[in-house]
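The basis for the numbers below is simple: all heavy atoms, side chains too, and nothing from hydrogens, waters or symmetry mates. Residue indices begin at 1 and follow the sequence shown.
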Amino acid sequence: MDLAIVKQDALDGAYLHYYEGEAASGTQEFIQNYVDQEATITGSYRFYAPQVTVRKDGTASFTYCEDQGRRT
């Protein structure tokens, strides 16, 4: 989503790779609000505590924590 906001493109292919259906629609609206306001994002995020979980059926998930408290 951040890349789509920076590129000012509510239909950016990067986030559409991860979202579909209602989730994609809601994300598109979220990004479009930034585009309509000609707004962008600045600062940096800190990511920590990554964890990969592999299930018996072979699927996996990746989770992490994000700290947006030190935005500049």
Contact summary for Q28 and A10, nearest pair of heavy atoms
CG-O, 3.5 Å
So which heavy atom on A39 is nearest to which on Q8, and how close?
O-NE2, 2.7 Å
Does F30 share a hydrophobic cluster with L3, counting links as ILVMFWY side-chain heavy atoms below 4.5 Å and allowing steps through other members?
no
Output the distance between atom [atom1] ([X]) and atom [atom2] ([Y]), rounded to the nearest 0.5 Å.
| X | Y | atom1 | atom2 | answer |
| --- | --- | --- | --- | --- |
| R46 | C65 | CZ | SG | 9.0 Å |
| Y34 | M1 | OH | CE | 8.5 Å |
| I5 | Q32 | CD1 | CD | 11.0 Å |

Option from T40, D2, D12 for which side chain to side chain donor-acceptor pair (under 3.5 Å) with K7 holds
D12
Other residues, nucleotides, ligands: >12 heavy atoms within 6.0 Å of [X] [atom1]:
| X | atom1 | answer |
| --- | --- | --- |
| Y18 | OH | no |
| Y64 | OH | no |
| E66 | CD | yes |

Go through the structure and list residues passing ring pair (Phe, Tyr, Trp, His ring centres under 6.0 Å) with Y19, not counting sequence neighbours.
none
Examine distances only and state if a side-chain atom of S25 and a backbone atom of G21 form a donor-acceptor pair shorter than 3.5 Å.
no
Would you please name every residue forming a side chain to side chain contact (heavy atoms under 4.5 Å, CB included) with N33, sequence neighbours left out?
none
